[in-house]
2 protein chains.
Amino acid sequence: MKLHQLRYIREVARQGLNVSLAAEALHTSQPGVSKQIQLLEEELDLQIFKRNGKRLIGVTEPGRIILERAEQVLREMENIKRVGEEFTHDDTGSLTIATTHTQARYRLPPAVTGFIEKYPGVRLTIHQGSPSQVAEQVVAAEADIGIATEAIADYPELVCLPCYQWNRCVVVPKGHPLLKDTPLTLEKIARYPVVTYDFAFTGGSLMTRTFAEKGLHPNFVLTAIDADVIKTYVTLGLGIGLLAKMAYDPDRDVGLEMLDASHLFPPSTTYVAIRRDSYLRGYMYGFIQMLAPHLDRKVVDAALKHSS
Amino acid sequence: MKLHQLRYIREVARQGLNVSLAAEALHTSQPGVSKQIQLLEEELDLQIFKRNGKRLIGVTEPGRIILERAEQVLREMENIKRVGEEFTHDDTGSLTIATTHTQARYRLPPAVTGFIEKYPGVRLTIHQGSPSQVAEQVVAAEADIGIATEAIADYPELVCLPCYQWNRCVVVPKGHPLLKDTPLTLEKIARYPVVTYDFAFTGGSLMTRTFAEKGLHPNFVLTAIDADVIKTYVTLGLGIGLLAKMAYDPDRDVGLEMLDASHLFPPSTTYVAIRRDSYLRGYMYGFIQMLAPHLDRKVVDAALKHSS
DNA sequence: CAACGTTACGCTCTTCGTAAAGATG
DNA sequence: CATCTTTACGAAGAGCGTAACGTTG
C-alpha cells in the first residue's frame with residue numbers, strides 16, 4: 001500500500017470517477033493511475049470502484065470507507081509537512097480563512113491588518129460563503145480556519161471556540177418615525193417591512209424565532225446575505241434594516257440612523273472553527289488571538305487536545 | 001515523504017533511539033534505515049532526532065510532533081488494511097481485548113464462549129492488566145477493545161461506552177458473626193480487617209472514599225489485584241473480603257458466605273473503550289454486543305462518529 | 001575495542017511515460 | 001467514432017543489502 005495509491009483513488013473520486021482527469025490533475029500519466037489503482041485493489045483484495053466493463057461508475061461500500069480513511073492519512077501527511085515548514089520557515093506560509101460576509105467586512109479587518117503587519121511573509125486568503133459552506137471548507141481542509149456564527153458547531157470533525165458575542169440593531173432612513181418612538185420593541189419593528197439577512201445566514205433563523213415567540217410575523221420584504229445590500233435598500237426606503245450592530249458605521253452610512261436592538265434579541269456568538277486533527281502553524285495561533293485575545297495558544301491547544 | 005520513512009522513525013523511537021535494533025525489528029538493513037531517516041530529515045529540512053556526533057541521543061521538539069503524527073498515519077493505514085480484510089474475509093482475523101482480572105474472570109467468560117462459537121475463525125487474545133494499563137494498551141493500538149471500570153474515561157483518544165453496572169459484596173468464612181448481625185452496614189464492616197482490591201484497581205479508590213465519608217478507616221490487611229487471591233485469604237481467616245458481587249460463586253466458593261453490600265456503595269460502571277479512530281471489524285461489534293446487548297452496531301458507530 | 005552510525009557501491013524491483021489495443025455509449 | 005480504460009514495453013529511479021569506514025564511550 002503506497003501513499004501515491006491513496007492520492008490516486010482520492011483524486012479519481014474527486015474528479016467524478018474520471019481517471020483521465022485525475023491523472024491530469026496529478027500531473028502524471030493516465031495508465032499509471034489506472035495501474036496503481038488496480039494494484040491497490042489487488043492488494044486489499046476488494047473493489048474500491050464499481051465498474052461497468054472498463055468504466056468506473058461508482059464507489060463500492062468498502063471503497064467509501066477506504067476513501068474516507070485515505071483522506072485522513074493524506075491530511076495527516078500534510079500536517080507533517082507543515083511541521084517541517086513551521087520549524088524552518090516559521091514566518092512564511094499561507095493562511096486560508098473561510099468566513100461570512102459580515103465577519104469579513106466588519107469584524108475581521110483589524111485582525112487582518114495586524115496580521116499582515118506582523119506576518120508579512122504569510123499569504124493570506126479569505127473565502128467567503130454561507131455558514132455551512134464555511135464549515136464544509138474547513139472540514140475539507142480547504143480552509144485552515146473558519147469563522148461563523150451558525151451551523152458550525154454541528155460538525156464532529158471541527159473544534160469550535162467562542163470568539164466574541166454580538167447583537168443586532170435596527171437601521172432606518174434619517175427622520176424615520178421609529179427614531180422618536182422610544183423605547184424600541186419587537187412589536188414596533190414588526191409594523192414596518194423588514195430587510196434582513198437571508199435565513200441561512202448569520203442569526204437569520206434566530207431572529208424569526210424571536211419574533212414568532214411573541215406571535216409576531218414581520219413582513220420580510222428582502223433577505224440578503226450581505227449587510228451592505230441591506231443598508232442600500234433601507235436607504236432606498238424599502239423598509240427598515242435589521243442587522244448586526246457591528247455592520248453599522250456612522251461615518252460611512254450617512255443616510256441612515258441606528259437604533260440599538262440588543263435588548264430584543266438574545267446575543268449571538270461567533271466561533272472560530274478548526275479541524276480537530278490539523279496542525280496549526282504559529283501564525284495561525286497568532287491570527288486567532290488577534291481576533292479574540294482570550295484565545296491564546298494554550299486555550300486553543302487545550303481545546304484541540306481535549307477531544308482529538 | 002514515504003510511509004517507510006515514517007515506519008522507520010517510529011521504530012527507532014520505540015527501540016530507544018537505537019537504529020540497529022529498529023532495523024532488526026523491521027527485518028531490514030541498518031544502513032537503509034539510517035539513510036531513509038536522513039532523507040526524511042532533509043526533505044522536511046529539520047532534525048527529528050538529536051545527535052551527539054553519530055549517536056542518537058534524543059528527539060527534537062518538531063520530531064516529537066512528527067512522531068505523533070506519523071503514528072496516526074500508520075494507524076490509519078492499518079485501518080485501511082482492516083477494511084480490506086473485513087470485506088473479503090469477514091469471519092477471520094484477530095481480536096485483542098485488554099481488561100482487568102475481575103472482568104476477565106467473572107464477566108467475560110459467557111461473551112467469550114459465545115464469541116468463539118459464532119466466530120471460530122477469529123483468533124482471540126486477552127491481555128490482563130490494571131485499568132490504566134488497559135487504557136494505555138488501547139491507546140497504543142495494542143488492543144482493539146478495552147474493558148475496565150476506572151481510569152479509562154480520561155483518555156481523549158478513547159471512546160467509552162457504558163457496558164454494565166455492578167456493586168460489591170462482603171464474603172466471610174462460614175459461621176462468621178457478621179452473618180447474623182443484619183443489616184450489614186459500613187460501620188460493621190470496618191470493625192474487621194478487610195481484604196480487598198488494590199487501590200489502583202477496580203473500584204478500590206471509590207471504596208476508601210465511601211468509608212472515609214463516614215469517618216471510617218478500616219484496616220485493609222491485604223489488597224490484591226485478583227478476586228481469587230482475596231477469597232483465598234478470607235478462607236484462611238485473614239479478614240473479611242470486599243469485592244465485586246459477580247466474583248462470588250456459591251458453587252465454587254464452598255468455604256465462604258456472601259453478604260450483599262449493594263446498598264452501601266454507589267454502583268460502579270464498567271466501560272468498553274475503543275480508539276476513536278479505529279476501524280472496527282464486524283466481529284468486534286459482535287463481541288461488544290455479546291457483552292452488553294444494548295451496545296449494538298448503531299450505538300457504537302454513533303458514539304465513534306459523535307466525536308471523531 | 002566494542003558497539004553503533006554513516007558512506008559507498010552494485011543489484012533488483014518498482015514506477016513512470018509512450019504507444020498501442022480494447023471497451024463503451 | 002470519440003472518449004475512456006487497460007495492456008505492453010523500455011527507460012529511469014528508488015530502495016536494499018553487503019562491505020568498508022568513521023565515531024563514540
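Order of the sequence lines fixes the chain letters, A, B, ..., with proteins taken first and strands second; residue numbering starts at 1 for each chain.
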For B:Lys35 and C:dC11, what is the distance between atoms NZ and P respectively, to the nearest whole Å? 17 Å

Return the value, rounded to whole Å, for the distance between atom CD of A:Gln5 and atom C1' of C:dT15. 11 Å

Contact class for B:Gly53 vs. all strands (heavy atom < 4.0 Å): base, sugar-phosphate, or nothing? sugar-phosphate

Whole angstrom value for the distance that separates C1' of D:dT3 from CD of A:Glu24: 14 Å

Between B:His4 and D:dA14, does any side-chain N or O lie under 4.0 Å from OP1 or OP2? no

Would you say B:Tyr8 reaches D:dC16's phosphate, i.e. side-chain N/O to OP1/OP2 under 4.0 Å? yes

Side-chain ion pair, B:Glu85 and B:Arg281, N-O less than 4.0 Å: yes

Carboxylate-amine/guanidinium contact A:Lys81 A:Glu78, below 4.0 Å: yes

Taken to the nearest whole Å, CG/B:Leu26 to C1'/D:dC16 is 13 Å

Please state how far atom CD in A:Gln15 lies from atom C1' in D:dC4, giving the value in whole angstrom units. 15 Å

Round to the nearest Å and state the distance from B:Ile57 atom CD1 to D:dT23 atom P. 17 Å

Taking the minimum atom-to-atom distance to the side chain of B:Gln36, which one of C:dC4, D:dC16, C:dT15 wins? D:dC16

With a cut-off of less than 4.0 Å, is there a side-chain N or O of B:Asn18 near OP1 or OP2 of C:dA3? no

B:Ser29, nearest nucleotide to its side chain (from D:dT7, C:dG5, D:dT18): D:dT18

With a non-hydrogen cut-off below 4.0 angstrom, is A:Leu17 in contact with a base, only sugar-phosphate, or nothing? sugar-phosphate

If you look at every strand shown and take non-hydrogen atoms under 4.0 Å, does B:Lys2 touch a base, only sugar-phosphate, or nothing? sugar-phosphate

Within the 4.0 Å heavy-atom criterion, would you say B:Gln30 contacts the bases, only the backbone, or no part of the nucleic acid? base

Taking side chain as C-beta onward, heavy atoms only, is B:Ile97 less than 4.5 Å from B:Thr125? no

Once hydrogens and angles are ignored, does a donor-acceptor distance under 3.5 Å link the base of C:dT24 to the side chain of A:Arg55? yes

Nucleotide nearest B:Lys54 when distance is taken to its side chain, options D:dG15, D:dT23, C:dC16: D:dT23

Can you measure B:Leu40 atom CG to D:dA14 atom C1' for me and round it to whole angstrom units? 15 Å

State, with a plain yes or no, whether a side-chain heavy atom of B:Ile274 is found less than 4.5 Å away from one of B:Leu158. no

So if I take every side-chain heavy atom of A:Thr28 and compare against C:dT18, C:dC16, D:dA19, which nucleotide ends up nearest? C:dC16

Taking only side-chain nitrogens and oxygens of A:Ser20, does any of them come within less than 4.0 Å of OP1 or OP2 of D:dT3? no

Per atom distances to the A:Asn52 side chain, the nearest of C:dG25, D:dT5, D:dG15 is C:dG25

For A:Met1 and C:dT14, what is the distance between atoms CE and P respectively, to the nearest whole Å? 16 Å

Tell me whether the NZ or CZ atom of A:Arg297 lies within the 45° cone about the ring axis of A:Tyr285 and under 6.0 Å from its centre. yes

In this structure, CG of B:Leu46 is separated from CD of B:Glu41 (nearest 0.5 Å) by 7.5 Å

